[in-house]
Amino acid sequence: MSKTAYMRGLQNFISDIRSAQNKEQEQRRVEKELANIRQRFSDDKSLSGYDRRKYVWKLLYIYMLGYDIEFGHKQAADLIPLPKYKDKQVGYMACSLLLRENDEFLRLTMNAVRMDLTSRNEAFETLALSFIGNVGGSEMADALTQDVIKLLSSGAARPLLKKRASLALLRLIRKTSHDQQVVTADTFSPVINALLDERDLGLLLSATTLLQGVCARNGAAGYEGAVPRLVRILERLTTHREREVPAEYLYYGIPSPWLQCKCLRVLQFFPAPEVPSDQTSLTSILKSTIDAVGSGDAVKNANPNKGNALHAILFEAISVVLQHDVDHELLNVCISVLGKFLNSKDANIKYLALETLARLALVPEILDTIRVHQATVITSLRDVDLSIRKRSMDLLFTMCDASCAEELVREMLSYLVTSELGMREELVLKVAILAEKWAPSVQWYVDVALELLEKAGDYVSEDVWHRVVQLVTNNPAMQEYAARNVVEVLRRGATHESLICTSAYILGEFGRLIVNEVSPSEQFKLLNAVFPAASQPTKGLLMTAFVKIYLVDSANPELRTSVVGLFERHQRYMDAELQQRAVEYLRLVATPSAAAQHYLLPMPKWEERESTLLKRLQASEGVDPEAGRPAMRRSASNAHVSGNLSPVVSGAISPTKSMVGGTRLIVGTQIAQLPPQASVDLLGADSYKVAAGAPSNGVLAIMPANPVDLLSDLLSDTVTISPAQPQQPPPGAATPQYTGQPGQQYA
């Protein structure tokens, strides 16, 4: 530190600031000083080195008080090339605080920083490396990386200098674009191996931090030689701690816990050691660590800081066991230890235990051992801490399989009613996936799906009810049961948008299967009761359902009056889509037999594809590349995330011949196929571009030269149109003809 104690002007300025009675007085004093400094800097050549340093220190003090500094950057940068250490020190410190990595003033310092790196003056080199570690960016990475690596690999450099060089290089690596490699394994692995052979524990901590950053960024390939060295470092810290670890590296009696955690974290990037002796040593270290901390004796009545350090080492050791698949006996010990932590009063320990158990649950062989703690995890769903509740939900989702699906889904549905609004959408998504994957029966799946739609309400994304509709359509065994249950839900007064859409689809398509129990008139009344409050897209689905319900019992005069009246009221509706539907449906209901025979046909089965729910869940999971946490070497997902459905649900899901390759189009009497890429999402709004509205889930006939948007929504129907365009039919004609022009009315 330069001798600021002898700068009387700086001392007086700080005293004036501290003696200010209020914020306004302080601001006036600061503004007065800034004006004075600006005036002195305007005549830069007459300033002595002492005055320059003094004014830069004042600017730094003002900046730390929270005021913006709009000048003085050049004067601070000009101090760096000066030959005296006290000038360089002030210049580097000011630039580190006032400048950012993309600041143009940094370019003025580039040559001076390089000169200091190559000066062979340790004091100058440490200043330059600290500066790079604080504000280094992509430009510095391009210009100075090789100079930093030379210092890092220099045999004459002291550990202090190599520590700073390691952290400076890590900064440069992180600030470059992901498609650019600052270092390559073939040239840099010898350098990192030499660093890991050093004896200084501070340097080893910096080296392992650098190796972790390199592996997280570029992968661990080529750095396998570091594994035995990391094992030897752990041996030194655990087995030979009395004679190998200096007293200054003991933290509450724990030998350098940060270095132990770093070594264990880096080992997770690599497979298990190939050399038997290294494998044996690592297993022994892991077992002793887990036994010592897991027994509870080491942390019982210990200082909280010591307990945190021991638990950090323990969780990293468990991660290594999981990553390397050391042996199942040790995995069972880990689960037993984590099970004890589930009852801990420390929220941090409980959170980490849940998170680690969720990773261990991905190993099928030990899933039964984890399931012993299922009751405790379910209890944690109602913990006062929100983060613990989320981790409990994740663990239950991961450990679920056919043997416990009914119980876990029931518990999650029960929790859904009282859960926080912020996690309901994720909870709904996971319940839907579990019900789809592990359904023990058709009836159970339908009950869960409808209960989910009824309870979750507005928190159900479109993907959820789209998937329910798809599975019900593809599975004939579900259809009658689903229609019957939809009626019961509507009778209870459910009004959520997603449930209304599901009900409209199911009753429109499969309401005919329950006409002996629920008449078409009653089905219409149940749907019509929610029609006024529905959104415009949902009203379109309901109108399609109405015309289909009418065709089931077209001889019913009461039903005809209600349906025709609704369509007539919407012939001049302000929404063009609903207006067009009303006009077109009126023409169809005028000739119900022809409409049922030629126009409104049963829905075909959906093309089999991966669940969009699984895609959404998988897209939300990942690893931050800068976090340094390696990806799992095991299967990244359990069976329930593999995309396979329960046999009960998936048995009827197979693409029909008419649907292979995309949505089918009937042109005249021939079936044309849309290319598969025309449908991005099986039930999404943009999957099929034949209409301005929602996609068709039926078979839509179009004229070859001019596609139409007739009945173009999720519930639209199979409409066949002759390629010919006849004139207006005679009064006795059975089938109205449509000319194919969008928006036109029937003749």
Intermediate values then yes/no, side-chain contact (heavy atoms from CB on, under 4.5 Å), L490 and Q523: CA-CA 9 Å; L490 290 175; Q523 295 179 30; over 6 Å; no

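- Between E451 and L413, the shortest heavy-atom distance links the atoms OE1-CD1, 3.7 Å.
- Between Y585 and H570, a ring centre-to-centre spacing not shorter than 6.0 Å is recorded.
- Although no hydrogens or angles enter the test, the distance criterion places a donor-acceptor pair under 3.5 Å between the side chain of Q579 and the main chain of Y573.
- You'll find the side chain of V486 reaches within 4.5 Å of the side chain of L450, heavy atoms only.
- Note: F341 and F315 have tilted aromatic rings, judged against thresholds of 30 and 60 degrees for the angle between ring planes.
- Contacts classified as ring-ring contact (aromatic ring centres under 6.0 Å, His included) and involving residues 342-374 (residues at least two apart or in different chains) are not found.
- Side chain of R389 to backbone of V384: a donor-acceptor contact under 3.5 angstrom is found.
- The closest side-chain donor-acceptor pair between S403 and D401 falls under 3.5 angstrom.
- Inter-residue side-chain proximity for E420 and L386 is flagged as met; some heavy-atom pair is nearer than 4.5 Å.
- For N485 (side chain) and Y481 (main-chain N/O), a donor-acceptor pair under 3.5 Å exists by modelled atom type.
- Of the listed residues (L360, V333, L314), just one forms a side-chain contact (heavy atoms from CB on, under 4.5 Å) with L338, and that residue is L360.
- A donor-acceptor pair shorter than 3.5 Å cannot be found between the side chains of T473 and E509.
- Between the side chain of S344 and the backbone N or O of K340, no donor-acceptor pair lies under 3.5 Å.
- One N or O on the side chain of T502 and one on the backbone of S498 form a donor-acceptor pair closer than 3.5 Å.
- Between D383 and S392, the side chains place no donor N or O within less than 3.5 Å of an acceptor N or O (distance only, hydrogens not considered).
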